[in-house]
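A short worksheet on the structure shown next.
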Amino acid sequence: MEHKQAAVSEVSEAEIAVHWQEEGYYPPPVSFIAQANLADPEVHKRFALDKFPECFKEYADLLTWFKYWEETLDTSNAPFWRWFVGGQINVSYNCVDRHLEKHRNKTAIHFVPELEQEPIQHLTYQELYVRVNEVAAMLRNFCDLKVGDRVTLHLPMVAELPITMLACTRIGVIHSQVFSGFSGKACADRIVDSGSTVLITMDGYYRNGAMQDQKDKADVACAEAEAEGHKVEKVLIWQRYPGKNSSARPMVKGRDFIVNDVLKNYRHTHIDPVPMPAEAPLFLMYTSGTTGKPKGCQHSTGGYLAYVAGTSKYIQDIHPEDVYWCMADIGWITGHSYIVYGPLALAASSVVYEGVPTYPDAGRPWRIAEELGVNIFHTSPTAIRALRRAGPEEPAKYNYHFKHMTTVGEPIEPEVWRWYYEIVGKREAVIVDTWWQTENGGFLCSTIPAVNPMKPGSAGPAVPGIHPVIYDEDGKEIPRGTGKAGNICIRNPWPGIFQTIWGDPERFVRQYYERYNKKKGSTDWRDWPYLAGDGAVQAEDGYYRILGRIDDVINVAGHRLGTKEIESAALTVKEVAEAAVVPVADEIKGRVPDLYVALKPGIKASRELETRISEAVVSEISPIARPRRVWLVPDMPKTRSGKIMRRVLASISSGQDAGDISTLANPEVIEELRKMAKR
Ligand code: WTA
């Protein structure tokens with residue numbers, strides 16, 4: 001049975017949070033304010049709770065509707081919110097077709113290959129329109145996909161990924177893009193859960209200067225899915241270099257098809273964008289939760305697009321003239337919302353970079369920025385830390401100018417923030433520290449760049465229309481300025497919030513709404529605060545500082561991983577009896593997993609076994625989940641009732657005092673663990 005979620009984790013990220021002191025303010029540059037989309041401090045009044053939910057009309061009106069909606073928010077089946085009810089809209093129409101009149105010849109996507117000698121490709125809105133239509137025709141006519149069908153994508157960071165996503169949205173097919181760095185097995189789990197019969201991938205792509213075989217993962221994914229009783233009917237393979245095969249794997253007859261070959265039959269075919277109900281599901285994005293199984297967050301069409309367009313305009317300050325580069329991966333929610341849908345809905349030029357930021361050296365991002373005239377830059381603290389370490393003086397060598405920079409995904413240390421501001425931003429740019437989650441569709445907390453001053457290490461106040469509250473364990477509100485941490489929740493629904501967990505509506509309610517629900521069965525949204533799963537404190541000035549996850553999730557280099565997922569991967573090694581994962585602070589990645597393993601009786605510990613367990617985690621999940629260290633321990637520290645005390649393990653990993661161990665059934669194990677730690 002699944003345990004009751006939230007704040008039950010014995011050792012959570014929030015517990016090992018760094019408690020920075022409150023920093024001073026940095027005002028936004030006057031030049032930024034002068035051109036900003038949103039410089040009116042009254043905006044918070046426009047989006048105040050007494051204007052809720054009608055205030056969000058402002059976001060929906062950024063879009064072109066085939067049929068305008070009748071009801072802003074339907075709460076009759078709380079907490080399954082329905083936004084813009086009665087409205088009909090198409091996402092590809094909003095991100096492509098409607099821009100043709102004014103921006104036909106403007107770059108929609110700059111694709112930057114990792115190999116620097118390869119030219120950058122510039123895809124105009126006209127070309128994007130043609131490609132999206134052709135691919136939509138292929139999906140409908142060759143793959144026989146219909147409205148509401150799911151299709152799994154396992155594509156790297158190439159222009160073909162947004163093209164494929166937009167093609168799906170054109171015909172109402174629900175896409176589920178799996179991060180390309182995930183293993184074939186991880187892809188299979190998501191294929192099976194979503195019930196996809198079509199997998200779209202690429203033969204290979206460059207990462208760190210080496211060609212990766214992605215088709216190999218497709219073969220694994222199909223085999224694994226089949227072992228789980230699910231058949232993948234078709235695998236569509238884009239070629240990284242059209243006309244050339246970049247994978248060593250043979251084609252499977254009747255299953256595998258080269259996209260470019262198939263597309264020849266649909267040259268310049270036009271597919272009418274299907275008017276979709278605002279509440280139709282747009283995509284699934286799998287993320288880690290408290291159980292071993294990742295969950296498919298289902299996002300809506302109208303509400304989601306309205307929310308990402310609104311926040312892209314007001315918080316990212318995107319204008320159609322901007323060259324915008326978000327260095328995240330489209331395989332994560334940040335990429336969906338703030339590489340593809342938000343920027344393209346606003347007719348910006350969005351950069352898609354194939355590779356790693358430090359390839360071939362730490363000057364690469366700044367050369368790309370210089371070459372393309374990037375003026376909005378968006379990345380994670382992990383990337384900033386890595387670039388700072390590898391090339392602290394690099395940005396000064398290049399002639400680029402950012403007006404705006406974003407950080408997302410993890411808390412950013414004030415010192416790292418200052419390097420970002422002074423050296424990367426050359427003191428010319430505003431920084432927004434945006435806090436949000438896969439489930440949320442778009443930003444929850446951030447400064448409004450032209451309105452609020454920046455404060456290093458703090459995400460800032462809530463964005464317009466979002467009303468957070470911090471509750472203690474008993475559901476009492478923790479007032480601002482007390483310095484006390486609690487569980488951050490959002491009082492009200494918003495258009496970007498996910499609709500449900502695919503196939504598991506009960507878990508959706510249990511995990512996000514049950515904890516602080518005020519009245520069972522209520523249809524009043526005020527009774528359903530959304531539990532984010534993060535610990536937070538609110539300073540006197542109203543700015544929020546996010547401390548980290550309160551549940552069994554570890555945020556490794558900004559990638560969300562479940563401790564249970566890693567533990568069950570370790571358990572696939574037959575010698576393993578028990579596994580426990582704890583988060584450890586890391587200078588570059590923020591947090592990394594340490595894996596403790598107890599072996600079955602009679603099995604001897606060895607380096608070989610450590611490696612094998614580590615590799616099992618990589619092949620079950622991904623290299624991003626690789627444990628910092630695998631500890632083969634004689635015994636796990638346990639309570640008398642037999643529960644593993646992860647808190648004790650965490651203290652060993654971080655070289656700290658184990659604290660109160662009076663409930664431990666086997667205290668002698670601590671001494672042994674300490675000895676191991678010294679080795
Ligand atoms: C963490 C990524 C501090 C947080 C968009 C959250 C942050 C989890 C920030 C969601 C930030 C995200 N400051 N922590 N600015 N942004 N987080 O689902 O713990 O991949 O719950 O979404 O990342 O990660 P996810």
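Just so it is clear, the values below take in all heavy atoms, side chains as well, and ignore hydrogens, waters and symmetry mates. Both counts, for ligands and for their atoms, begin at 1 and track the order of listing.
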Practice problem: Please work out which of the three classes, parallel, tilted or perpendicular, describes the rings of His404 and Phe32, given edges at 30° and 60°. | Solution: tilted
Quiz item: Relative to ligand 1, is Thr438 under 4.0 angstrom through side chain, backbone, both or neither, heavy atoms considered?
Solution: both
Quiz item: Does any N/O atom on Asp433 come nearer than 3.5 Å to any N/O atom on ligand 1?
Solution: yes
Quiz item: Going by the atom numbers of ligand 1, which of them fall below 4.0 Å from some non-hydrogen atom of Arg549?
Solution: 19 (O), 21 (O)
Exercise. If the plane angle is over 60° it's perpendicular, under 30° parallel, otherwise tilted; pick one for Tyr530 and Tyr512.
Key: parallel
Exercise. Give the contacting part of Val553 toward ligand 1: side chain, backbone, both or neither, where contact means a heavy-atom distance below 4.0 Å.
Key: neither
Quiz item: Does Gln437, backbone or side chain, put an N or O under 3.5 Å from an N or O of ligand 1?
Solution: yes
Quiz item: Where is the nearest protein heavy atom to atom 2 (C) of ligand 1: which residue, which atom, and how far?
Solution: Trp436 O, 3.8 Å
Self-check item: Options Cys297, Ser380, Gly409, ranked by nearest heavy atom to atom 16 (N) of ligand 1, top entry
Solution: Gly409
Quiz prompt | Contact check, Pro411 vs ligand 1, heavy-atom distance below 4.0 Å | solution = yes
Quiz item: How would you list, by chain and number, every residue that makes a side chain to side chain contact (heavy atoms under 4.5 Å, CB included) with Ser288, sequence neighbours excluded?
Solution: Glu565
Self-check item: Aromatic ring proximity Phe443/Tyr338, centre distance under 6.0 Å
Solution: yes
Self-check item: Ring-face cation contact, Tyr471 with Arg515, 6.0 Å cut, 45° max
Solution: no
Practice problem: Under 4.0 Å from a heavy atom of Thr334: give me the atoms of ligand 1 that qualify, with their elements. | Solution: 5 (C)
Quiz item: Minimum heavy-atom separation for Ile330 to His336, with atom names?
Solution: O-ND1, 2.7 Å
Practice problem: Specify the closest pair of heavy atoms between Cys445 and Tyr544, including all atoms of both residues, with the distance to one decimal. | Solution: SG-CD1, 3.7 Å
Self-check item: Enumerated ligand 1 atoms positioned under 4.0 Å from heavy atoms of Asp534
Solution: 4 (C), 6 (C), 19 (O), 21 (O)
Quiz prompt | ligand 1-proximal atoms of Arg560, by part, heavy-atom distance under 4.0 Å | solution = side chain
Quiz item: What's the shortest distance from atom 8 (C) of ligand 1 to any protein heavy atom, and which residue and atom give it?
Solution: Asn555 ND2, 3.9 Å
Quiz item: Can you tell which part of Glu410 has a heavy atom less than 4.0 Å from ligand 1: side chain, backbone, both or neither?
Solution: backbone
Quiz prompt | Given Phe498, Phe283, Trp494, Trp81, the one that forms ring pair (Phe, Tyr, Trp, His ring centres under 6.0 Å) with Tyr304 | solution = Phe283
Quiz prompt | Sequence-distant partners of Pro456, side chain to side chain contact (heavy atoms under 4.5 Å, CB included), two or more places apart | solution = Glu23, Tyr26, Pro414, Trp417, Arg418
